[in-house]
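This report concerns only the one structure given below.
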Amino acid sequence: MNKQIRKKRQKLRIGIILSSFFLFPAVFYYLSPYLIIDATIRGIINGSFIFFVLLFVSSLFLGRAYCGWACPAAGCQEAIFLASNKKITKGNFIKWIIWIPWISTIAILAIKNRGYQKIDFFYRTKFGLSIESVYSLIVYLGILSLIVIPALTVGKRSFCHHICWMAPFLIIGRKARNTIKLPSLQLALNNENCSHCHKCTNNCPMSLPVELMVQEDKLENSECILCGTCIDVCKNKRIRYAFSKIA
């Protein structure tokens, strides 16, 4: 793959996640961690419930590609790289401290209410749009602050590492995929030699030690978002995409 094609791939990726971020005010209720609880209390399967299930299913075949290629928060955070590009190497467990009580609450409420009685994908939206009042605008700005402030103060994609309530669905799906050896999208190595230019590590949006992963031939990492940045900055073409079973 020549250099021009690799540049175009990353331009396409950035364009998609930025477009997703621009649409975030209209669709953030479909990613809401609160509305799924509110709907569960009423026995309703809402949009965020369906979306989270689809995220899990997608992770069986695409890993965390959603995080690298489609997530609105990704577009916001990668735009902030221009202002703050500090790497993050610790704290990935924090999101689990948030996620486990949250998903447990949903499960307990569902059992208490004897399951779900109906499906309303557009629950609490107006004409399918999320912002329909001053209250929803305030909620949106609150969520936006959870994305922007950590990115500026803690480091690159802090929201993904520390807060995101969607990432665990993808990580669990990815681990399930590895366990059952399901063919899926992943990173793989070519036979070319590594020149140790450090570009893969320096440019990784998730601050992963990619060069070390290459040296150890262990490219599987639960925090990898399959954005392809390491593939496209490697002048030796050492890394590539593959759709296969985990080794």
Side-chain angles (χ1 to χ4, degrees), residues 20 23-74 91-147 150 158-182 184 222-223 225:
S20 179
L23 291 172
F24 193 35
V27 301
F28 73 94
Y29 270 4
Y30 303 108
L31 289 70
S32 171
Y34 167 72
L35 275 192
I36 190 173
I37 293 177
D38 184 60
T40 297
I41 292 173
R42 293 163 174 76
I44 299 172
I45 293 177
N46 72 321
S48 54
F49 183 107
I50 295 172
F51 183 76
F52 296 146
V53 170
L54 291 176
L55 276 183
F56 174 79
V57 173
S58 74
S59 68
L60 297 174
F61 304 96
L62 300 174
R64 289 186 64 180
Y66 167 81
C67 303
W69 286 84
C71 180
N92 293 321
F93 67 92
I94 297 174
K95 58 178 167 281
W96 293 96
I97 296 176
I98 297 171
W99 188 82
I100 291 174
W102 171 67
I103 199 70
S104 298
T105 299
I106 295 170
I108 291 169
L109 288 173
I111 294 170
K112 182 179 178 181
N113 290 289
R114 299 182 180 180
Y116 296 90
Q117 288 75 51
K118 65 177 182 177
I119 299 175
D120 183 357
F121 186 81
F122 301 107
Y123 181 72
R124 295 278 188 182
T125 65
K126 188 172 184 179
F127 304 116
L129 301 177
S130 299
I131 292 185
E132 42 77 31
S133 66
V134 173
Y135 169 77
S136 58
L137 176 60
I138 293 172
V139 171
Y140 169 72
L141 293 176
I143 294 175
L144 189 61
S145 68
L146 288 176
I147 300 171
S158 177
F159 177 80
C160 303
H161 285 284
H162 304 138
I163 301 173
C164 183
W165 50 88
M166 293 174 283
F169 289 107
L170 297 163
I171 293 173
I172 292 172
R174 184 170 180 154
K175 289 186 179 299
R177 171 206 73 181
N178 294 344
T179 300
I180 62 178
K181 304 293 185 180
L182 191 69
S184 61
S222 62
E223 295 300 315
I225 56 174

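This one's a predicted model, so the numbers in the text were calculated from it and none came from an experiment. Both backbone and side-chain heavy atoms feed into the values below; hydrogens, waters and symmetry mates do not.
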- Give every residue pair that meets the side-chain hydrogen bond (donor to acceptor under 3.5 Å, both in side chains) criterion with at least one member in residues 103-120, sequence neighbours excluded. T40-Y116
- Are side-chain heavy atoms of I103 and F169 found at a separation under 4.5 Å? yes
- Do the non-hydrogen side-chain atoms of I163 and I94 ever get within less than 4.5 Å of each other? no
- Query: Hey, is the main chain of S222 close enough, under 3.5 Å, to the side chain of R64 for a donor-acceptor pair?
  - Reply: yes
- Do I171 and W96 come within less than 4.5 Å of each other through their side chains, counting heavy atoms only? yes
- Task: Output all residues satisfying side-chain contact (heavy atoms from CB on, under 4.5 Å) with P72, sequence neighbours left out; order by chain, then residue number.
- Result: S20, F24, L31, Y66
- Task: Kindly state whether the ring of F52 and the ring of W102 have centres lying under 6.0 angstrom apart.
- Result: yes
- Message: Contact between S58 and L170 at the side-chain level, heavy atoms closer than 4.5 Å - yes or no?
- Response: yes
- Query: Does some side-chain heavy atom of S184 sit less than 4.5 Å from a side-chain heavy atom of L182?
  - Reply: no
- Item | Pair Y34-V139, side-chain contact (heavy atoms from CB on, under 4.5 Å): steps then yes or no | CA-CA 10 Å; Y34 167 72; V139 171; over 6 Å; no
- Query: Would you say the ring centroid of F51 lies under 6.0 angstrom from that of Y30?
  - Reply: no
- Item | Partner of I106 by side chain to side chain contact (heavy atoms under 4.5 Å, CB included), out of I41, I111, I36 | I36
- Message: Test your reading of the model: is there a side-chain donor-acceptor pair from S130 to the backbone of F28, 3.5 Å cut-off?
- Response: yes
- D38: salt bridge (Lys or Arg N to Asp or Glu O under 4.0 Å) partners, not counting sequence neighbours: R42, R124
- Task: Working to the nearest 0.5 Å, report the span between CD1 of I172 and OG1 of T179.
- Result: 11.5 Å
